[in-house]
Amino acid sequence: QVQLVESGGGLVQAGGSLRLSCAASGSIFSISAMGWHRQAPGKQRELVAIVPSGGSTIYADSVKGRFTITRDNAKNTVYLQMNSLKPEDTAVYYCYTVTQTRGSSHYAAYWGQGTQVTVSS
């Protein structure tokens, strides 16, 4: 019902930058929150950043001041600008949305397929 397509991952040296994008499509009536999680090898998935539809953005402490999340409501797209990347940022990054589909009375979470970000030292 809702498809999320991510792009922008890759390999970068420490101190470099990457910009991730995630476009939502399908039977969308309303999107509440949009955000990013990440999962490093051997670790649990963790929140990176989230931007609610009508509230303040939230960042993990580990990325504050380096990452910026924005959303384009007209395009149902969320972006993650990642600067000053560190090797510990290496992970698979997953986009997600909290979306109400057409004909539904509730919101549900949808996840992208993930995009690999690798930061070399």
Subject >> Sidechain-backbone polar pair: Thr118 side chain, Thr90 backbone, donor-acceptor under 3.5 Å >> reply: no

Original post:
Of the options Glu6, His37, Arg38, which is the one that meets Tyr93 in a side-chain hydrogen bond (donor to acceptor under 3.5 Å, both in side chains)?
Top reply: Arg38

Original post:
In Å and rounded to the nearest 0.5 Å, what is the CG to CZ distance from Leu85 to Arg66?
Top reply: 6.5 Å

Subject >> Tyr59 side chain vs Ile69 backbone, donor-acceptor pair below 3.5 Å >> reply: yes

**OP:** Check whether any side-chain heavy atom of Tyr79 sits under 4.5 Å from a side-chain heavy atom of Thr68, and report yes or no.
**Re:** no

Original post:
Which heavy-atom pair separates Ser121 from Pro87 by the least distance, and what is that distance?
Top reply: CB-CG, 3.8 Å

Subject >> Verify same cluster id: Val92, Trp36 (apolar side-chain graph, 4.5 Å) >> reply: no

**OP:** Heavy atoms only: give me the nearest Leu80-Ala49 pair and the separation to one decimal.
**Re:** CD1-CB, 4.3 Å

Original post:
Mind checking whether Trp111 and Val48 sit in one hydrophobic cluster, side chains of I, L, V, M, F, W, Y counted as touching below 4.5 Å?
Top reply: no

Original post:
Do Val2 and Leu4 touch side chain to side chain, with heavy atoms closer than 4.5 Å?
Top reply: yes

**OP:** Answer yes or no: is there a side-chain heavy-atom contact under 4.5 Å between Met82 and Asp89?
**Re:** no

Subject >> Distance, nearest 0.5 Å, that separates CE of Met34 from CG of Asp72 >> reply: 9.5 Å

Original post:
Can you tell me if Tyr107 and Ser30 form a side-chain donor-acceptor pair at under 3.5 Å?
Top reply: yes

Original post:
Are Val51 and Leu47 grouped together when hydrophobic residues (ILVMFWY) are joined by side-chain heavy atoms under 4.5 angstrom apart?
Top reply: no

Subject >> Asn76 CG to Thr97 OG1 distance, which is reported to the nearest 0.5 Å >> reply: 8.5 Å

Original post:
Near Glu88 CD, under 6.0 Å, is it more than 12 heavy atoms from other residues, nucleotides or ligands?
Top reply: yes

Subject >> Interatomic distance, Phe67 atom CZ to Ser62 atom OG [nearest 0.5 angstrom] >> reply: 7.5 Å

Original post:
Quick one: are Ile50 and Tyr96 in side-chain contact, heavy atoms under 4.5 Å?
Top reply: yes

Original post:
How long is the span from the CD1 atom in Ile28 to the OH atom in Tyr110, to the nearest 0.5 Å?
Top reply: 9.0 Å

Original post:
What closest approach, in Å, do Gln39 and Ala91 show between heavy atoms, and which atom pair accounts for it?
Top reply: O-CB, 3.4 Å

Original post:
Rounded to the nearest 0.5 Å, what separation is found between the OG atom of Ser7 and the CZ atom of Arg19?
Top reply: 9.0 Å

Original post:
How about Ser32 and Gln100: do any of their side-chain heavy atoms sit closer than 4.5 Å?
Top reply: no

Original post:
Applying the side-chain contact (heavy atoms from CB on, under 4.5 Å) test to Ile31, which of Asn73, Val98, Val78, Thr99 qualifies?
Top reply: Thr99

